[in-house]
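Worksheet: one structure, shown below.
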Protein chains: 2
Amino acid sequence: MSKKKDILKAALQLFTENGERATSTKSIASEAETSEALIFRHFGTKEKLLEEIIKNGYQESTKLISQFLHEENGLEYILKIVEVPRILVHAHPDFWKMQHKIIALNLLSQKHHDFFMKPCYDRLKIAFSELNYENPALEAKLLLIYIDGMWKHFASRQLDSKTETALTALVQQKYRAHN
Amino acid sequence: MSKKKDILKAALQLFTENGERATSTKSIASEAETSEALIFRHFGTKEKLLEEIIKNGYQESTKLISQFLHEENGLEYILKIVEVPRILVHAHPDFWKMQHKIIALNLLSQKHHDFFMKPCYDRLKIAFSELNYENPALEAKLLLIYIDGMWKHFASRQLDSKTETALTALVQQKYRAHN
DNA sequence: GTCTATAATTTGATAGAC
DNA sequence: GTCTATCAAATTATAGAC
């Protein structure tokens, strides 16, 4: 069991550096100080190894988010969802760094992310509706594009925590100021 | 010369579908209806082939943008830069689709994009300063994150043109409404 | 669970002819 | 400029022993 975790850890690191395609099972085995054969015994294929990493990542992130996003009124929900990128990336920086690198090219990665984000769109439409925005659906779409840009930015660059907080607060301020 | 263009076109298409790493020179040759050897005669390596595609893309995009973004006052510049994602992706959808897929993993792609975007940050700081925003540097950073999210969104999904226009107009409206 | 050895393919790239 | 033929290395995955 120890070796299995070593493999998962090594794979996460190498997938983050070079993506799935440019990471050989040989390099994973080497980094995990084990044999290539063991990777295939445990995970079957390189792709299934990646899938396990992705599943673990979204499972933990889902837990985190469902604790954080409770049922509140429209404005509170919007203000909280703006904080999600910072919270996610801080909780699992390695995982979200990997996701940022591979999501555009990897269908599996995309599917899991879409599933993870889907509830937010519906809830945001209601929130903007409550707050009498002119076009709630468009506002929801726009905020989600922003959220997307934000976690990718936080995951890819090492911003100091202060800048991340300031950016988050700035967006919140804009939504607070509405009418 | 005809074959060289065929190769560039085929490579752009296949890099967009699967990224550089998962695209073999064999498949490029097959798609371009030529021989693998010719790829290496014309471009030296697969990486240099990609580099030529990237250089061409940014060269044309730079022309386009420098025509579009003239020296105007702060608010006008902000309103115009918000339209940049739509303009770029509409002018060269294939190229920007490829960029979206590979930029997170490809250092060359990143470097060219950073160089392309760099002037905007400085100009935006001045613009927000002119308009008496409280924290011009932070506002500039935020808008650039938004711009980034937007071209990636436009490039990756096939939105109808109306939704793209509506999203762009919505952001412009928010900056117009300031104070 | 873990290893060594190896099979079967694919890959990027080159040589040399036309 | 373009092709055919070919190579050396790397890659995913399996067999079989401990």
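Chain naming here is simple, since letters A, B, ... match the order of the sequence lines and numbering starts at 1 in each. Atoms considered below: every heavy atom in the structure, side chains included; atoms not considered: hydrogens, waters and symmetry mates.
Fit an axis to the five pairs at each end of the helix from C/dG1-D/dC18 to C/dC18-D/dG1 and the two axes sit 0° apart, to the nearest 10 degrees.
What separates CG of A/Leu38 from P of D/dA15 is a distance of 16 Å, to the nearest Å. Taking atom CG on B/Asp6 and atom P on D/dG1, their separation rounds to 13 Å, with Å as the unit. Nucleotide D/dT12 holds its P atom 13 Å from the CG atom of A/Leu50, rounded to whole Å.
The side chain to side chain contact (heavy atoms under 4.5 Å, CB included) test applied to B/Thr45 returns B/Glu47, B/Lys48, not counting sequence neighbours. With sequence neighbours left out, B/Lys9 forms a side chain to side chain contact (heavy atoms under 4.5 Å, CB included) with no residue at all. Under the side chain to side chain contact (heavy atoms under 4.5 Å, CB included) criterion, B/Leu170 pairs with A/Leu138, A/Glu139, A/Leu142, B/Gln173, B/Lys174, not counting sequence neighbours. Partners of A/Tyr58 by ring-ring contact (aromatic ring centres under 6.0 Å, His included), not counting sequence neighbours, listed by chain and number: A/Phe95, A/Trp96, A/His113, A/Phe116.
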Footprint string (nucleotides 9-18 of chain C, 5' to 3'): B base within contact, S backbone only, - free, heavy atoms under 4.0 Å: --SBBBBB--
Which atom pairs, donor and acceptor, lie under 3.5 Å between side-chain atoms of residues 125-132 of chain B and protein residues at least two apart or in another chain?
from     : atom 1 : to      : atom 2 : distance (Å)
B/Glu130 : OE1    : B/Gly74 : N      : 3.0

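Relative to the six-membered ring of B/Phe154, B/Arg86 misses at least one condition, a distance below 6.0 Å or an angle of at most 45° to the axis.
For residues 4-27 of chain A, no pair satisfies ring pair (Phe, Tyr, Trp, His ring centres under 6.0 Å), with sequence neighbours left out.
Clustering of Ile, Leu, Val, Met, Phe, Trp and Tyr by side-chain heavy atoms under 4.5 Å joins B/Leu105 with A/Leu105.
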